[in-house]
Amino acid sequence: RIIRFLAPAEVKGTGMLIWDYDAQSDDMWIFMPALRKTRRIVSGEKGQSFMGSEFSNADLAAPNTDDFSYKITGSETVDATECWKIESFPLNDEISNETGLSKKIIWIGKNDNVCRKTEFYDLDGELYKILNCSDIRKIAEDKFMAATMLMENIQNGRKSVISMGEIKYNPKVNDEYFTVDYLEKL
């Protein structure tokens, strides 16, 4: 996955390259235009804030589902959508320390499988932040995605928003786009 930030001005041009893996930790790089430099994000930094926002580096990558245990704890409505309420726990201390979390509670839409809300709990088990997803868009025949994500840090009162103006599902792109060299060219 390649991500380019267009606003606000202080992060404009910043890019992130993520290689998602099924059986190992993802590889992540960040390009900082002010420094004209790309830096690899090591696993110990994935739980840290992304560019001073309330999103962590790990929040921008797809989670490795095999690193967590899951339990459906019920059903609730979020923004008029019937959702499964699921608790997620890291399988070991290494994963917990990498993400900076002891657990997550996730609300997934029953009809479209889109995350509507997630509560994140810090290593002390205290509510840390809440993600609310909205502007759900159909991106393929049976695939939907949230175009707006609001992360609210409960512990410090700050909020950050990621808003995607355009989403293209499975477009035809060259493999060279997913390289550090290309990340630095944009």
Side-chain angles (χ1 to χ4, degrees), residues 1-35 37-68 88 90 95-101 103-108 113-122 128-137 139 143-156 158-171 173 177-180 182-184 186:
R1 180 173 338 143
I2 193 161
I3 301 167
R4 178 70 59 193
F5 290 85
L6 306 176
E10 61 266 16
V11 296
K12 184 176 181 177
T14 299
M16 183 169 245
L17 173 63
I18 304 167
W19 289 355
D20 291 325
Y21 299 110
D22 291 333
Q24 68 188 50
S25 186
D26 296 341
D27 286 327
M28 302 174 80
W29 296 267
I30 185 166
F31 171 70
M32 296 165 282
L35 302 174
K37 190 174 194 168
T38 298
R39 188 175 72 76
R40 186 169 185 187
I41 297 171
V42 296
S43 61
E45 298 174 322
K46 291 185 179 171
Q48 294 178 3
S49 171
F50 172 76
M51 301 289 296
S53 75
E54 297 313 310
F55 290 90
S56 72
N57 292 312
D59 293 335
L60 299 179
N64 185 347
T65 56
D66 293 338
D67 287 346
F68 301 87
S88 168
I95 296 165
S96 189
N97 289 330
E98 183 177 302
T99 61
L101 302 173
K103 77 173 181 176
K104 292 191 283 188
I105 301 175
I106 309 159
W107 286 261
I108 304 287
N113 296 315
V114 173
C115 173
R116 293 302 204 281
K117 177 180 173 182
T118 303
E119 291 181 351
F120 299 81
Y121 291 81
D122 66 17
Y128 170 43
K129 57 188 184 179
I130 299 173
L131 172 69
N132 284 291
C133 301
S134 60
D135 189 11
I136 309 304
R137 299 181 189 175
I139 60 171
K143 296 198 183 304
F144 297 82
M145 185 174 175
T148 301
M149 294 172 281
L150 168 66
M151 185 71 79
E152 180 180 5
N153 186 318
I154 301 305
Q155 296 179 357
N156 68 18
R158 292 181 47 191
K159 296 178 184 181
S160 296
V161 176
I162 293 178
S163 179
M164 294 174 267
E166 182 178 354
I167 301 171
K168 292 183 181 179
Y169 175 72
N170 206 18
V173 295
Y177 292 173
F178 301 99
T179 64
V180 171
Y182 187 80
L183 182 66
E184 293 173 346
L186 289 177

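All values below were derived from every heavy atom in this structure, side-chain atoms included, with hydrogens, water molecules and symmetry-related copies excluded.
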Kindly compute the distance separating [atom1] ([X]) from [atom2] ([Y]), expressed to the nearest 0.5 Å.
| X | Y | atom1 | atom2 | answer |
| --- | --- | --- | --- | --- |
| N113 | M145 | CG | CE | 14.5 Å |
| I139 | F144 | CD1 | CZ | 9.5 Å |
| L150 | D135 | CG | CG | 13.0 Å |
| T179 | E184 | OG1 | CD | 8.5 Å |
| S49 | N57 | OG | CG | 7.5 Å |
| E152 | K159 | CD | NZ | 4.5 Å |

Contact between [X] and [Y] at the side-chain level, heavy atoms closer than 4.5 Å - yes or no?
| X | Y | value |
| --- | --- | --- |
| M28 | M16 | yes |
| N64 | D26 | no |
| K129 | D122 | no |
| M51 | I30 | yes |
| K104 | T99 | no |
| L17 | F178 | yes |
| I154 | E119 | no |
| D59 | L131 | no |

Where is the tightest heavy-atom contact between [X] and [Y], given as atom of each residue plus distance?
| X | Y | answer |
| --- | --- | --- |
| M149 | F55 | O-CZ, 3.6 Å |
| G13 | P33 | C-CG, 3.6 Å |
| A146 | I167 | O-CD1, 4.5 Å |
| L60 | I3 | O-CD1, 4.4 Å |
| F5 | V11 | CB-O, 3.7 Å |
| I106 | S88 | CD1-CB, 4.0 Å |

Using a 3.5 Å distance criterion without hydrogens, assess whether the side chain of [X] forms a donor-acceptor pair with backbone atoms of [Y].
| X | Y | answer |
| --- | --- | --- |
| R158 | M151 | no |
| S56 | Q48 | no |
| D20 | R1 | no |

*Go through R40 and V180 one step at a time and tell me if the side-chain contact (heavy atoms from CB on, under 4.5 Å) criterion holds.*
CA-CA 10 Å; R40 186 169 185 187; V180 171; over 6 Å; no
*Report the residues that fulfil side-chain hydrogen bond (donor to acceptor under 3.5 Å, both in side chains) with N97, sequence neighbours left out, ordered by chain and then residue number.*
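Residues passing side-chain hydrogen bond (donor to acceptor under 3.5 Å, both in side chains) with N97: none at all.
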_side-chain contact (heavy atoms from CB on, under 4.5 Å), that's the test. Do V42 and E45 meet it? Break it down for me._
CA-CA 6 Å; V42 296; E45 298 174 322; 3.6 Å; yes
_Pair Y128 + F120: ring centers closer than 6.0 Å_ =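 Here the rings of F120 and Y128 have centres that are no less than 6.0 Å from each other.
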